[in-house]
Amino acid sequence: MTTDARRRHDPGVRGFASDNYAGVHPEVLAALALANGGHQSAYGDDDYTAHLQQTVRSHFGARAEAFPVFNGTGANVVALQALTDRWGAVVCAESAHINVDECGAPERVGGLKLLTVPTEDGKLTPELIDREAHGWEDEHRAMPQVVSITQNTELGTCYTVEEVRAICEHAHERGMKVHLDGARIANAAASLDVPMRAFTNAAGVDVLSLGGTKNGMLFGEAVIVLDPGAVGAMKHLRKLSMQLASKMRFISVQWDALLSGDLWLRNARHANAMAQRLAEGVKSVDGVEILYPVQANAVFARLPNEVSERLQKRFRFYFWDEAAGDVRWMCSFDTTEEDVDGFVAALREEMGR
């Protein structure tokens, strides 16, 4: 009996809506095929997950331990739960993904309080953290226990190594721990031209949410414990949070494909380069304003809504703030120069109508 499996989409359709729209990198697909066949122990007690620990330590130091999970929200919820008590709170940027894009999961599922701070560019500073990092002995207030930063930020900006180190030192002096949401960590490392360890374990980050889906994986992220003394019962928290994969080898082997060589960096550098090409092309279009420095694979712009609405019929992308006319254009590991140039030409045409 045959199946009805066949291609049901047009692979020629391209867009700038999200790096999640891209497919799976061929090297990752090949790794998945290698892990298939035969029987391997379930729930992470397999050869691929064991080998992943060595690979992760080559990037994040000898004390690092990887806990593969299904998705980014799950990684953030598990990581933040591991760092907080039931009465604990997390200081984060108002624009942080954990605050605006996770449907309240950190608070409703993780059972913690988010203390948000407005920022100009998506980045926290020690001074901004102190707006909410106080009142530890006040039983009427959730206790600030964690600072969560995003690298790169939701606005496409990157923390420098020195900025992350300053935040970690400031938080640790106050008895707080530091979580880094690294959904696009590879893009940040490529932009800064430093290894990922430079602004994670070497800078003092305690726990990392490591993102791979936006960088060419099929599915799966990971929580990386950088300081084992900062957390407890991670295995139990992962299971309790419904993030324990039975066939974990198929997450772990994807990570090995990305991290054991330079695929993670090649993919990120390409996506970043396409965003730079897009930004340069957009700058020549009258009436379009780029809102933030283009430091990774995102371009934020402001233009008339009617132009965006016409352009969306030709290329997929999202409004960021529809009332203000702000949009976000994302580039991926498989974005081509032709994609970018075609989009810029279409934008110029729609602006001229």
Side-chain angles (χ1 to χ4, degrees), residues 5 11 18-60 64-79 151 180-190 195-197 200 207-226 234-235 238-239 241-272 297 330-335:
S18 172
D19 32 14
N20 284 324
Y21 277 44
V24 184
H25 193 280
E27 292 179 40
V28 174
L29 278 177
L32 281 164
L34 287 173
N36 199 23
H39 288 197
Q40 278 270 289
S41 297
Y43 303 111
D45 189 22
D46 61 85
D47 293 339
Y48 296 92
T49 303
H51 185 265
L52 175 62
Q53 303 305 324
Q54 302 173 35
T55 303
V56 162
R57 287 168 187 149
S58 72
H59 286 276
F60 300 106
E65 187 173 4
F67 295 86
V69 296
F70 287 114
N71 55 47
T73 298
N76 286 335
V77 170
V78 170
Q151 180 76 313
L180 190 146
D181 179 352
R184 295 185 175 95
I185 187 173
N187 300 94
M196 292 183 287
R197 71 174 69 89
T200 54
V207 175
L208 163 69
S209 296
L210 184 63
T213 306
K214 294 176 172 63
N215 197 30
M217 282 174 51
L218 172 62
F219 72 99
E221 314 286 271
V223 177
I224 310 297
V225 176
L226 302 171
M234 273 295 302
K235 292 174 67 174
R238 179 173 58 179
K239 177 65 172 178
S241 302
M242 298 172 286
Q243 289 292 317
L244 179 63
S246 56
K247 297 183 180 181
M248 196 179 296
R249 58 171 153 158
F250 295 108
I251 300 178
S252 298
V253 74
Q254 294 180 77
W255 275 121
D256 207 42
L258 273 186
L259 298 178
S260 61
D262 67 346
L263 180 59
W264 68 277
L265 188 57
R266 282 188 279 129
N267 286 352
R269 281 176 173 166
H270 178 80
N272 289 2
N297 62 323
M330 297 297 303
C331 295
S332 309
F333 76 88
D334 65 347
T335 301

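- Atom CZ of Phe333 is separated from atom NZ of Lys214 by 13.5 Å, given to the nearest 0.5 angstrom.
- The structure places CG of Asn297 at 5.5 Å from CG of Asn272, a figure rounded to the nearest 0.5 Å.
- When all heavy atoms are compared, the tightest approach of Cys331 to Ala271 is CB-O, 3.5 Å.
- Taking each heavy atom of Arg269 and Ala190 in turn, the nearest pair found is CG-CB, 3.7 Å.
- When all heavy atoms of Ala66 and Val56 are compared, the pair lying nearest together is CB-CG2, 3.8 Å.
- Put simply, the side chain of Ser332 never gets that close to the backbone of Asp334: no donor and acceptor are under 3.5 Å apart.
- Taking every heavy atom of both residues into account, Ala31 and Val253 meet most closely at O-CG2, 3.5 Å.
- For the pair Arg238 and Val69, the minimum side-chain heavy-atom distance is below 4.5 Å.
- Heavy atoms from other residues, nucleotides or ligands lying under 6.0 Å from CZ of Phe219 number more than 12.
- Side-chain N or O atoms of Arg249 include one that pairs as donor or acceptor with a backbone N or O of Ala35 at under 3.5 Å.
- Screening residues 37-46 for salt bridge (Lys or Arg N to Asp or Glu O under 4.0 Å) gives no qualifying pairs among residues at least two apart or on separate chains.
- Counting heavy atoms from C-beta outward, Pro26 and Leu29 have side chains that stay 4.5 Å or more apart.
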For Val207 and Leu226: C-alpha separation, side-chain torsions, deciding distance, then whether side chain to side chain contact (heavy atoms under 4.5 Å, CB included) applies.
CA-CA 5 Å; Val207 175; Leu226 302 171; over 6 Å; no

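- Contact of the Leu218 side chain with the Leu32 side chain is registered, since non-hydrogen atoms from C-beta on lie closer than 4.5 Å.
- Contact check for Ile185 versus Thr200: side-chain heavy atoms found under the 4.5 Å cut-off.
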Side chain to side chain contact (heavy atoms under 4.5 Å, CB included) between Gln54 and Arg57: does it pass, once the steps are laid out?
CA-CA 5 Å; Gln54 302 173 35; Arg57 287 168 187 149; 5.5 Å; no

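- Residues Gln243 and Val77 are not in side-chain contact: their nearest non-hydrogen atoms beyond the backbone lie 4.5 Å or more apart.
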Run Ile251 and Leu52 through side chain to side chain contact (heavy atoms under 4.5 Å, CB included) and show every step you take.
CA-CA 10 Å; Ile251 300 178; Leu52 175 62; over 6 Å; no

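- Rounding to the nearest 0.5 Å places CG of Leu210 at 3.5 Å from CH2 of Trp255.
- Under the 4.5 Å side-chain criterion, counting only non-hydrogen atoms from C-beta, Met196 is in contact with Trp264.
- Rounded to the nearest 0.5 Å, atoms CD (Gln254) and CG (Leu259) are 11.0 Å apart.
- Looking only at side-chain heavy atoms (C-beta outward), Asp256 and Tyr48 stay at 4.5 Å or farther from each other.
- Side chain to side chain, Asn76 and Asp181 meet the donor-acceptor criterion of an N or O pair below 3.5 Å.
- Between the side chains of Glu221 and Asn71, not a single donor N or O lies within less than 3.5 Å of an accepting N or O.
- Scanning all heavy atoms of the two residues, the minimum distance from Asn215 to Ala268 falls at OD1-N, 3.5 Å.
- Distance CE/Met330 to CG/Asp19: 4.0 Å, rounded to 0.5 Å.
- Leu263 contributes atom CG, which lies 4.5 Å from atom NE2 of His25 (distance to the nearest 0.5 angstrom).
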Trace of the side chain to side chain contact (heavy atoms under 4.5 Å, CB included) decision for Phe67 with Val78:
CA-CA 10 Å; Phe67 295 86; Val78 170; over 6 Å; no

Report the C-alpha separation of Glu27 and Arg266 in whole Å, then their side-chain angles, then the decisive distance to 0.1 Å, and conclude whether the salt bridge (Lys or Arg N to Asp or Glu O under 4.0 Å) test is met.
CA-CA 12 Å; Glu27 292 179 40; Arg266 282 188 279 129; 3.2 Å; yes

